[in-house]
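Step one of this worksheet: look at the structure below.
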Amino acid sequence: MISNIVHKSAVIKCPHCGAEYLPGEIYMPNAIIGQPDEVVKDSLGKIIYEDYSTPEREPSLTESFTCEYCDKPFVIEATVTYKTKEEAPEKTFKDQYVSLLD
Ligand SMILES: [Zn+2]
């Protein structure tokens, strides 16, 4: 029995029995962020057009799931936010940027 485990992501709890799930057990990453077929941006990088060919490719933050422990269904609604910040000064792109590929 593992106790005091530090989770690397939010834990989703069954509202019926309290069983715990990690988001990766319930959500497919592509489903939560969507898979745009076309993104058009202006010269400054502002998105002016986005297109998803099918509803399945649109971001879907709501998921239905049946608990594996109590066999009751429940709905999960994800809240996804993205924060950005500048890189630390010593990592500016003025210096040559080296990327190692597999
Ligand atoms: Zn349950």
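All residue numbers in this chain count up from 1 along the given sequence. Because only heavy atoms are used, hydrogens play no part in the values below, and waters and symmetry mates are left out as well, while side chains stay in. Whatever order the structure lists them in is the order used to number ligands and atoms, beginning at 1.
- Across Pro23 and Ser9, no two heavy atoms sit closer than the pair CD-OG, 3.4 Å.
- With contacts defined as side-chain heavy-atom distances shorter than 4.5 Å, the pair Val11/Leu22 qualifies.
- Between Tyr52 and Arg57, the closest heavy-atom pair is CD2-O, 3.0 Å.
- With values rounded to the nearest 0.5 angstrom, Ser60 atom OG is found 7.5 Å from Tyr27 atom OH.
- Val80 places none of its side-chain heavy atoms less than 4.5 Å from the side chain of Ile33.
- Only protein N, O or S atoms were scored, and 4 of them lie under 2.8 Å from the Zn ion (ligand 1).
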Report all side-chain donor-acceptor pairs from residues 38-50 shorter than 3.5 Å, counting only partners two or more places apart or in another chain.
from: Asp42; atom 1: OD1; to: Leu44; atom 2: N; distance (Å): 2.8
from: Asp42; atom 1: OD1; to: Gly45; atom 2: N; distance (Å): 3.1
from: Asp42; atom 1: OD1; to: Lys46; atom 2: N; distance (Å): 3.0

